[in-house]
Amino acid sequence: MALKKVFIFLLYLGIAPMTMAQLNYALLDQNPASVQWKRIQVPNHAIQIIYPEDADSLAQLTAFYLEKHVNQVGKTLPSKLHPWKIVLQNKGIYSNGFVSLNAPRAEFFSIPTQSPALVGTNEWLEMLVSHETRHMFQNELGRQGLAKVFRSLWGSNGQALYSNLIVPNWLWEGDAVETETKLNPIGRSKIPEFYLPLHAYLSEFGIPSYGKLMGKSFREFVPNHYVFGQYLSQYIRQKQGEFAIGQIWQNALQRPYPFAFSSVVKQRTGLSIDQLSQLALKELRDSIQLKQQVNADNAVQISPKVSKGYTPYEYPCWISDNTFVAIKSGFSNIPVLVEVSQGQEKELTKLGPIAEMNMLSASPNWIVWSEIKFDVRWGQKQGTRLVLFNRETKEKTFWDGDEKWINPSISQDGKQVLTLVQNNSGSSHLLLLDVETRQLIKKIAIASGEQVLHARLADQNRMVFVVKRQHQKSIRVMDLVHFNQLYEIGLGANNIGAPYLQGDYVYFNEPVNGIDQIVRIHLKNKQQQILTHSQFGAYSAQAFNDEKIIYQSYRASGDAIMQTNLKNEDWKPFVSEASPTYNHLVNPNYAAQKYSKWNIFNVYSWGPLIAAQGNQLEVSLLSKNITNTFQAGLGYQYDPNERAGTQFARFSYQGLFPVFDASFQNSQRSTSLYIDKRAPFDSLRTDSWTQTKGDLGIRLPFNLTHSAYSEFLTISSTYSFFQVSGYDLPLRFKSEAFNGMYSSMTHALSYSKLLNKAYWDVQSPWGYQIGLHWQGTPFSQNLNSEIWSAQLKAFVPGLFKHHGISLRGAYQQQSNGNYTFASTLALPRGYTTVLYNRLYSFSADYKFPIANTDFNVGRLLYVKRLKGNLFFDASQGENILKDGTTSTTFQSFGVDLSSQFHLMRFSQTFEIGVRCLYKSQTEQIEWYPLVIDIGF
């Protein structure tokens, strides 16, 4: 057994660098170049907060929560924190956070979420601190035992790869969610909307295999690793004690072989992780079945039935007595706005990049929502714009306030819009706007320490919204004539959401016996009524003339839109929660200093790598700075084919509007060629020489996305030089040079506009890509050459839904100079590249899904999808000679068969397959292995 472990450990040492060589660590998005940075060192902790200077108050609060919680966060893990940096992001619209070992750091996106399923009654930054710092402590375990070896050999990359291969992703996130729950009044494991996908799946589909939990499915919506991970983490803690997670984690990292985690779990519990998950989920399913309520409200489903897959209909809005609109999405669709009338559905429009919604608003003539407006250059900076869709003309009107406008609501007469504005400083306010004149009617302040959720215009010149303050929620009704408060209903710690005001009633969703239901309260007599008895959860109710309500009810196949008639029975007195006595707002004052944006070096990975190209061995240092503006690599690469090495340095500075790239390499080259000028060719000579090469480039990357089509443009220009010395042969290959200094220029343009893919799509249904490339030697020198090419690729739907056709046409021309540049076009599949003066190329692909399988082969393999591709390629190459032009035609056609699968319970998806093709030149059928994606 000991020899087996040693062997597998040595195998890891060999495989790990090859795998890491495949990883593509792209730089994260940058903030605008004008941003000035500051930092706070958290007292008594090895944590530094780095933040834009206009986020002072946010940074102070973050430091306060860190000091308050960090010791408790790491209490049950056998690790301590080394120095960590947290980057506070405030320029965007996303609500998120992450911890990464790629240039080790954490990032907190400070805009608070509008989703009750995520924030509950918690403070957003406090919840981020409790969740993300748990990830820091988890990563610290990777500095111990055998995991430390991988860190020593390959730095943070080695530690991240090893830790993530050994410890499943559900434990990382499930343990963090459970920690967040224990340190906050209402963590996600106490929020019904968070875990309802798991409850619904168990009730409707039964208990999934562990492989299916890890790999997900194209057939059913499998709860993600946050949801089932939280439940399994909680289950292990309950059965094995608070310190069990850390002990299992630490012991698993000591075992560098497949299924090490399951082995440790079995040693501790007597059950493999497959058996443990089945037992835990069976207990949960049985408890759900005991608690399930009978649907006693006679609700009728008025959205179309979902026969397969996962298709949610969300945020329904009445248009008339028998017509409503909603957002439809899921496996088969990107988010679209649909109108349903008497059971008949029609698509109104596709939605662009949606700003966090959690609501939709409509009047008889207008439907309004908010979409993200990307900055053309700075990825960390996003704004929003309001979209008003006219039901009569089917036209969209865009309203850009140059701010973060979210969750807009329109009055029933279509004359006014209310929207919430999120500010970079962490404050917010409401704007009441006139639709026709686009003028501001009123700016409505929001008190410091309050968060407003789901603000909505109502009848009688009123508006309603949820107010969250110090872990308490209430419903507030305001008058829009004098802008004074009419009512405030305290709901205490109840996690309410989506209020809708009509007449004397407020409708909203609220947990009832552990399941979110639709409740209404009479504003004047303070009576309340539970209106639904949904099996899993009911949300986003709207009333129609106090006669009936429409709402979304969760199913394992997606939210369905339900309708139920209103009744006057089962009213109960509303017991209002006592208005909380608010404590004095936290006002910390930590010392802050400037943080220089020129802190650009941060070495995080090193050691030997086997490069992705062939079998080249590379020893390198990688550096990426904390604010994502500069990356660098230094190293040595050995090519066994030429038995020579290359020293290299690569740099990319992305902190200014243009991106500046530079690379330098010094290589020892060697070649062998016949120097005879006529037959017989028997004078083979070998020579070695030194070649120094450098590239200085500038790029302009633009994000032009403004609709359901992802749209990008990149323009680049590169100056290259190389110097050859020690070349002694009288002849040379045309792709090599004699002694001397040479230079060239390269200009390129790439543009793509592709409709977003649905989960079941094999490619973008519509769109196109354009590529232009020119490379030449415009300067006076002994070498002269020029090559240029143009490519166009178009994407159109196939014969059936989720099938796709792609057509590519390309042309390349190369001059008859005394030097040859590498071709930018490839010959048809199955042929090796040959250079021509002119090259015409065409290809056609028909891609299609074959089957969604969910097929397990023990613990080794989980296959979830089979796909196919029929292709035809044709090229014609022409060479211009003194006595005329010669041409050669290449053709191939064939089929690719591939599968998407998971190995050994890893969450990463792999896709490999086989290619069979027929080549016209050789009139032969050939087979090739096909590696499409390794999933990292």
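Along the sequence shown, the residues carry numbers beginning at 1. Because the structure is a prediction, the values reported are computed rather than measured.
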Checking side-chain polar atoms at under 3.5 Å, does [X] have a donor or acceptor matched by the opposite partner on [Y]?
| X | Y | result |
| --- | --- | --- |
| S130 | N184 | yes |
| S233 | D175 | no |
| Q535 | R555 | no |
| W84 | E132 | no |
| Q900 | N852 | no |
| S95 | T113 | no |

With under 30° as parallel and over 60° as perpendicular, where do the rings of [X] and [Y] fit, or are they tilted in between?
| X | Y | result |
| --- | --- | --- |
| F901 | F910 | parallel |
| F150 | W154 | tilted |
| W170 | Y210 | perpendicular |

inquiry  = Using 0.5 Å steps for rounding, measure from the CD atom of Q144 to the CG atom of L146.
reply    = 11.5 Å
query = Roughly how far apart are R905 CZ and I273 CD1, rounded to 0.5 Å?
reply = 10.5 Å
key: Distance-minimising heavy-atom pair for F331 and R219   = CE2-C, 4.0 Å
query = Which heavy-atom pair separates I518 from T532 by the least distance, and what is that distance?
reply = N-OG1, 2.9 Å
request  = Give a yes/no verdict on a cation-pi contact between R859 and F259, requiring under 6.0 Å between NZ or CZ and the six-membered ring centre and an angle within 45° of the axis.
outcome  = yes
Salt bridge between [X] and [Y], side-chain N to carboxylate O under 4.0 Å?
| X | Y | value |
| --- | --- | --- |
| K308 | E220 | no |
| E180 | K182 | no |
| R134 | E178 | no |
| R865 | E911 | no |

key: Partners meeting ring-ring contact (aromatic ring centres under 6.0 Å, His included) with Y195 (sequence neighbours left out)   = H199
ask   = Hey, do the aromatic rings of Y759 and F218 have their centres closer than 6.0 Å?
value = yes
inquiry  = Between E510 and N494, is the side-chain hydrogen bond (donor to acceptor under 3.5 Å, both in side chains) condition met? List the steps.
reply    = CA-CA 7 Å; E510 177 184 21; N494 284 334; 2.8 Å; yes
ask   = Applying the side-chain contact (heavy atoms from CB on, under 4.5 Å) test to V264, which of I166, N251, V167, L253 qualifies?
value = N251
query = Which residues pass the side chain to side chain contact (heavy atoms under 4.5 Å, CB included) test with Q267, sequence neighbours left out?
reply = R255
request  = Tell me, with the steps shown, if Q159 and R143 meet side-chain hydrogen bond (donor to acceptor under 3.5 Å, both in side chains).
outcome  = CA-CA 8 Å; Q159 177 188 339; R143 291 173 175 259; 4.9 Å; no
